[in-house]
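Just below is one structure, and these are the notes that go with it.
We use all heavy atoms of the structure for the numbers below, so side chains are in, but hydrogens, waters and symmetry mates are not.
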Amino acid sequence: MQFLTVGDSHTQYFGISNQMRGLNQKLRGIRVINKAVSASTVTGVGKLDSTLKLGANIHQWIDKVKPNFLVLNLGQVDVELGIPFRQFVKQRNETEDYWLNHFVQKYEEFLKTVQIDNSQIIIKGINLPVLCYDHQKAIKYISRIVTERFTGEQNDLQRTREVEERLTQHYPSDIIRTDLARRFNTKLETLCSKHGYGYFDINSALEIEPQGTISPRFIPSKFDHHIVDSLEVRLLHWDELLKVARRQYWNFPN
């Protein structure tokens, strides 16, 4: 089977190495074209004027590769970074659920334009957040990301301080942000069920009981919002993806 995997930088984990093939015999005969496009979003994928042109590129890649499966991995940037940007920089007043529904709607709109059978489309849900167990680190990281386009001018320095203050007062806890990821995935899974797309995520393997937040073994020590890139993590992705692909295969059009 041939897979075309496309999404934001979190899509890197779909890359297959020789070590992985040696560890997992199910990867025999599996080919993957992996397109990890940093900072790509659900809200941007369908825009004709998108800087990244991800939507247009997906159509071109499908025509060129003609994959058995298109795997899309989007939403992490929207949920983890896009919502705080809207709340703490733009000071929008909509609820988190409003934005989750908005993101899923944009996903649905784009998927309807994809020229491949629905049974050949598989959607991966987002990962649990890794900015956990240190609230100040999380605030510092998010503050840096959402203000990165600010200049060094005095007005922007003042805006940065105001954003940092709002984040310090109102940035959600680990538990709430973990719940937010799961709520997005639930909505995404419902969308997939509605249209016959495959769906999976790896969060049952990432979480630690009883609180349900991410296990420390998947959290990088560096200043980052990605889970660790290890053989274990990459194999988790493929174990779950192949389960869904094998089910979806039998729904392919004749």
Side-chain angles (χ1 to χ4, degrees), residues 1-78 103-126 185 188-189 191-202 229 233-254:
M1 289 189 287
Q2 178 151 292
F3 292 79
L4 171 61
T5 55
V6 183
D8 58 31
S9 55
H10 301 264
T11 308
Q12 65 184 302
Y13 310 108
F14 287 109
I16 299 177
S17 66
N18 288 334
Q19 284 178 308
M20 292 170 62
R21 294 188 189 279
L23 288 166
N24 187 347
Q25 296 300 306
K26 293 179 182 177
L27 293 175
R28 289 178 300 176
I30 300 299
R31 293 174 293 164
V32 60
I33 305 297
N34 197 40
K35 303 288 187 179
V37 183
S38 182
S40 55
T41 63
V42 170
T43 50
V45 69
K47 288 183 178 179
L48 296 178
D49 61 348
S50 169
T51 303
L52 296 177
K53 302 186 184 304
L54 183 64
N57 286 336
I58 288 173
H59 295 305
Q60 292 176 14
W61 292 332
I62 290 172
D63 289 341
K64 182 177 180 180
V65 176
K66 294 181 172 52
N68 299 112
F69 292 100
L70 168 67
V71 181
L72 292 177
N73 183 27
L74 293 165
Q76 197 90 38
V77 175
D78 301 85
F103 299 152
V104 172
Q105 179 185 347
K106 291 300 179 183
Y107 223 149
E108 182 175 27
E109 289 173 1
F110 172 71
L111 287 167
K112 288 179 179 178
T113 72
V114 176
Q115 298 300 306
I116 192 170
D117 191 80
N118 287 8
S119 63
Q120 295 175 269
I121 296 174
I122 299 176
I123 307 297
K124 179 187 172 292
I126 66 174
N185 286 347
L188 201 55
E189 188 171 11
L191 171 70
C192 292
S193 178
K194 173 183 175 182
H195 293 290
Y197 310 134
Y199 171 85
F200 77 101
D201 62 61
I202 63 168
D229 188 0
V233 164
R234 292 195 177 209
L235 289 169
L236 280 174
H237 279 71
W238 278 100
D239 282 343
E240 296 303 319
L241 172 53
L242 289 177
K243 289 176 187 175
V244 177
R246 290 172 72 176
R247 290 197 300 268
Q248 291 292 107
Y249 178 84
W250 299 104
N251 295 319
F252 277 15
N254 293 326

Atom pair OH/CG of Tyr197 and Asp117 - distance to nearest 0.5 Å: 10.0 Å

Which class fits the ring pair Trp238 and Phe3: parallel under 30°, tilted 30 to 60°, perpendicular over 60°? perpendicular

Would you give the length of the straight line joining atom CG of Leu23 to atom OG of Ser17, rounded to the nearest 0.5 angstrom? 8.0 Å

Look only at the side chain of Asp8 and the backbone of Ser38, and say whether a donor-acceptor pair between them is shorter than 3.5 Å. no

Val233 backbone acceptor or donor facing His237 side chain under 3.5 Å: yes

Determine whether Tyr13 and Ile202 make a side-chain contact, defined as any pair of heavy atoms from C-beta on separated by less than 4.5 Å. no

Full working for side-chain contact (heavy atoms from CB on, under 4.5 Å) between Val71 and Val6: CA-CA 6 Å; Val71 181; Val6 183; over 6 Å; no

If the condition is side-chain hydrogen bond (donor to acceptor under 3.5 Å, both in side chains), which residues does Thr43 pass it with, not counting sequence neighbours? Thr41, Asp78

Establish, yes or no, whether a centroid distance under 6.0 Å links the rings of Phe252 and Phe69. yes

If you define the side chain from C-beta out and look only at heavy atoms, does anything of Tyr199 sit under 4.5 Å from Ile122? no

Looking at Arg234 and Asp229, does any basic side-chain N land under 4.0 Å from a carboxylate oxygen? yes

So does Thr11 get a backbone contact from the side chain of Asn34, meaning a donor-acceptor N/O pair under 3.5 Å? yes

Flag if over 12 foreign heavy atoms under 6.0 Å of CG, Asn18: no

Euclidean distance, Leu70 CG relative to Ile58 CD1, rounded to 0.5 Å: 6.5 Å

Is any side-chain heavy atom of His10 less than 4.5 Å from a side-chain heavy atom of Lys124? no

Note, Ile121 side chain near Ile116 side chain (heavy atom, < 4.5 Å): yes

Tell me, please, which residues at least two apart from Lys243 pass salt bridge (Lys or Arg N to Asp or Glu O under 4.0 Å). Glu240

Backbone of Lys47 reached by a side-chain donor or acceptor of Ser50 within 3.5 Å: no

Yes or no on side-chain contact (heavy atoms from CB on, under 4.5 Å) for Leu242 and Ile30, after CA distance, side-chain angles and deciding distance? CA-CA 10 Å; Leu242 289 177; Ile30 300 299; 3.9 Å; yes

Please find the pair of heavy atoms, one from Asp63 and one from Lys66, that lie closest to each other, and give the distance. O-NZ, 2.6 Å

Step through the shown structure and confirm whether more than 12 heavy atoms of other residues, nucleotides or ligands are within 6.0 Å of CD on Gln115. no

Enter the distance from Cys192:SG to Leu111:CG here, rounded to the nearest 0.5 Å. 7.5 Å

Residues pairing under salt bridge (Lys or Arg N to Asp or Glu O under 4.0 Å) where one sits in residues 9-35, two or more places apart or in two chains, turn out to be none

Counting only N and O atoms by type, is there a donor-acceptor contact under 3.5 Å from the side chain of Gln2 to the main-chain atoms of Val65? yes

Check against side-chain contact (heavy atoms from CB on, under 4.5 Å), Leu235 and Leu27: CA-CA 10 Å; Leu235 289 169; Leu27 293 175; 4.3 Å; yes

Dump the intermediate steps for side-chain contact (heavy atoms from CB on, under 4.5 Å) on Thr5 and Ile33, then the final yes or no. CA-CA 6 Å; Thr5 55; Ile33 305 297; over 6 Å; no

Has Asn57 got a side-chain atom pairing as donor or acceptor with Lys53's backbone, closer than 3.5 angstrom? yes

Any side-chain heavy-atom pair from Tyr107 and Leu72 closer than 4.5 angstrom? yes

Provide the closest heavy-atom pair for Val244 versus Gly198 in the form atom of the first, atom of the second, distance. CG1-CA, 3.7 Å

